[in-house]
2 protein chains.
Amino acid sequence: MSTSTPDLEEAAFLRHYDPALYDRPSFSVDLVIFTAHEAQLQVLLVKRGEHPYKGWWALPGGFLDLHRDSTLEACAERKLLEKTGVKAPYLEQLRTYGSRDRDPRHWTATVAYFALIAAPAVHLGSGLDTVRWAPVCDRAVADLLAFDHATILADAIERLRAKLEYTHIAVHLLPEEFTLPQLQQVYEIILQQPLDKSSFRRRVAEADMLEPVARQSRNGSGRPAQFYRFRDYDRRTFFPRSISRNAR
Amino acid sequence: MSTSTPDLEEAAFLRHYDPALYDRPSFSVDLVIFTAHEAQLQVLLVKRGEHPYKGWWALPGGFLDLHRDSTLEACAERKLLEKTGVKAPYLEQLRTYGSRDRDPRHWTATVAYFALIAAPAVHLGSGLDTVRWAPVCDRAVADLLAFDHATILADAIERLRAKLEYTHIAVHLLPEEFTLPQLQQVYEIILQQPLDKSSFRRRVAEADMLEPVARQSRNGSGRPAQFYRFRDYDRRTFFPRSISRNAR
DNA sequence: GAAATAGTGTCTATCAGACATTATGGC
DNA sequence: GCCATAATGTCTGATAGACACTATTTC
């Protein structure tokens with residue numbers, strides 16, 4: 001590997017480089033934080049206290065801290081921790097939204113991440129009237145979202161649904177130990193359609209991603225369910241086929 | 001819309017994130033421009049004329065022009081037009097890469113797009129030694145890519161391969177009229193494995209996305225192939241199943 | 001035992017892959 | 001006719017969906 005010019009020249013260039021030469025858009029990071037709770041897929045929203053969109057609900061987020069955040073993902077993790085107290089979530093970049101019009105003040109860009117966390121792991125901040133979980137299907141909520149956050153939320157739901165088909169990510173919406181009926185219910189909540197129990201279990205078994213734990217459910221009537229835990233939170237498990245294409 | 005008075009904590013939080021208090025990262029748009037040419041998937045590279053990474057090859061891109069570009073996508077389209085003369089490509093946002101380290105100068109973020117264009121449609125700019133097509137499998141090229149562009153390129157290839165499985169996007173790598181053997185060859189080039197002809201044609205036929213045109217190939221020996229054109233460049237066509245999972 | 005829920009077994013229509021066969025051009 | 005390539009036909013193993021069935025708990 002050869003650079004055609006000596007390092008001294010490069011060093012001199014770097015000393016005289018002026019980053020203010022170019023206009024930069026306002027740049028932020030926003031989070032779509034999902035959880036499954038009370039048979040609904042929910043998203044975390046914060047109420048805006050300042051203009052623009054004062055009093056509207058919005059996705060949590062904010063500006064980079066160039067000193068604290070060494071990467072975009074680190075920034076997203078920091079904001080998630082601040083909002084929910086969750087340290088090691090499932091976190092994935094969704095996409096970046098940038099235009100002159102999405103904020104009335106000026107040209108802005110925001111990189112959106114979506115996170116999946118288990119409801120019991122969350123400790124919301126003090127102000128219950130400024131932070132809340134909202135069911136994603138609630139149109140009344142979506143209509144009150146600031147900026148283009150309704151679009152971002154819709155894109156996140158679409159991505160989540162698509163990924164359910166070929167990955168295991170739904171397990172991140174549940175506590176570490178869970179039953180197969182619970183997992184199936186999460187799938188059904190997100191896909192909004194009932195799934196065949198036998199097919200679902202066959203699919204999960206073939207993916208070989210869960211291991212049973214010595215514990216059974218005690219939730220009233222009926223046969224207790226076996227608890228499982230996700231075998232490897234690092235390894236990527238892929239389902240070979242769609243799960244809902246022709247589901248009834 | 002009710003704008004309840006934000007509590008003090010919220011107000012402090014928002015003051016903390018006043019954009020004027022923080023530097024914005026340097027923000028650019030980079031393009032991964034693919035074409036299929038000479039039985040290889042190729043990517044457009046430009047040679048950097050300035051530091052840093054002077055003399056290295058890089059993905060084409062640059063800074064937003066807040067006055068001309070009303071959206072991120074418009075910026076990407078403008079840069080593609082400037083580099084290749086192509087006006088209406090297949091263009092899709094890949095993801096955004098941002099960190100303190102990816103550029104030696106300062107904290108930078110770049111939103112990467114990938115484009116698919118037909119090789120004959122391209123008119124490269126004047127300097128042949130500063131703009132070139134490079135086969136994506138050429139490790140010698142990848143090792144000379146500036147910044148984290150090798151990572152971006154790898155991610156783009158991964159996305160392209162994944163999308164081949166369930167969309168029609170490969171048609172955008174070919175001219176408007178093409179034969180099924182040509183289309184199959186594009187798939188085989190990108191997936192790097194032979195596909196069964198019968199299965200491939202059945203799949204394309206069932207997707208119902210091509211219409212025959214009154215033209216046949218005249219390329220020497222063998223039976224001439226029927227030409228087709230993509231039925232609807234706007235409609236999204238999805239394949240119901242994987243095409244290469246168990247291909248031989 | 002009844003009710004309720006968890007979990008398993010089995011049948012079948014569908015379909016991707018494999019590969020044989022036919023079709024159509026140039027020479 | 002021979003070769004090369006395009007295009008079609010057919011068989012089969014795999015499997016997703018459907019649903020009947022068994023298992024285990026509470027009451």
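For clarity, every value in this text was computed on a predicted model and none was experimentally measured. First the proteins, then the strands, lettered A, B, ... as listed; each starts at 1.
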Please evaluate the base of [N] for a donor-acceptor partner in the side chain of [X] within a cut-off of under 3.5 Å?
{"X": "B:Arg202", "N": "C:dG17", "answer": "yes"}
{"X": "B:Ser198", "N": "D:dG9", "answer": "yes"}
{"X": "B:Arg223", "N": "D:dA4", "answer": "no"}

What is the separation between atom [atom1] on [X] and atom [atom2] on [N], rounded to the nearest whole Å?
{"X": "A:Lys197", "N": "D:dA18", "atom1": "NZ", "atom2": "P", "result": "15 Å"}
{"X": "B:Arg203", "N": "D:dT8", "atom1": "CZ", "atom2": "P", "result": "18 Å"}
{"X": "B:Leu191", "N": "C:dG17", "atom1": "CG", "atom2": "P", "result": "12 Å"}
{"X": "B:Phe200", "N": "D:dT8", "atom1": "CZ", "atom2": "P", "result": "14 Å"}
{"X": "A:Arg201", "N": "C:dG9", "atom1": "CZ", "atom2": "P", "result": "11 Å"}
{"X": "A:Glu165", "N": "D:dG17", "atom1": "CD", "atom2": "P", "result": "9 Å"}
{"X": "B:Phe227", "N": "C:dT24", "atom1": "CZ", "atom2": "C1'", "result": "16 Å"}
{"X": "B:Leu195", "N": "C:dC19", "atom1": "CG", "atom2": "C1'", "result": "16 Å"}

Qualifying residues under side chain to side chain contact (heavy atoms under 4.5 Å, CB included), relative to A:Gln185, sequence neighbours excluded: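 Result, side chain to side chain contact (heavy atoms under 4.5 Å, CB included) vs A:Gln185: A:Ala39, A:Ile189.
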Using the test side chain to side chain contact (heavy atoms under 4.5 Å, CB included), find all partners of A:Arg201 that sit at least two apart in sequence or belong to another chain.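 Testing A:Arg201 for side chain to side chain contact (heavy atoms under 4.5 Å, CB included), a comparison that skips the adjacent residues, returns A:Leu180, A:Pro181, A:Lys197.
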Could you check which of D:dT24, C:dT5, D:dA7 has an atom nearest any side-chain atom of A:Pro224? D:dT24
Testing D:dC19, D:dT8, C:dA18 for proximity to the side chain of A:Asp196, the answer is D:dC19
Where each residue is assigned the nucleotide of DNA chain C containing its nearest heavy atom, which of A:Ser199 and A:Gly222 is assigned the position nearer the 5′ end?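 Checking each residue's closest nucleotide, the 5'-ward one belongs to A:Gly222.
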Let me spell it out: for each of B:Ser221 and B:Tyr228, pick the nucleotide of DNA chain D with the closest heavy atom. Which residue's pick is nearer the 5' end? B:Ser221
How are the rings of A:Phe200 and A:Tyr187 set relative to one another: parallel (under 30°), tilted (30 to 60°) or perpendicular (over 60°)?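 If you compare the ring of A:Phe200 with that of A:Tyr187, the planes turn out perpendicular.
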Those residues at least two apart in sequence (or on a different chain) that pass side chain to side chain donor-acceptor pair (under 3.5 Å) with A:Glu77 are none
What pairs with A:Thr71 under side chain to side chain donor-acceptor pair (under 3.5 Å), at least two apart in sequence or on another chain?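 Result, side chain to side chain donor-acceptor pair (under 3.5 Å) vs A:Thr71: none returned.
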So what is the end-to-end bend of the helix from C:dG1-D:dC27 to C:dC27-D:dG1, with 5 pairs used at each end and the value given to 10 degrees? 10°
Test item: side-chain donor near acceptor, B:Asp148 and B:Thr151, under 3.5 Å: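 The answer is no; no qualifying pair exists.
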Can you list every pair that meets ring-ring contact (aromatic ring centres under 6.0 Å, His included) and has a residue in residues 71-95 of chain A, with sequence neighbours left out? A:Tyr90-A:His172
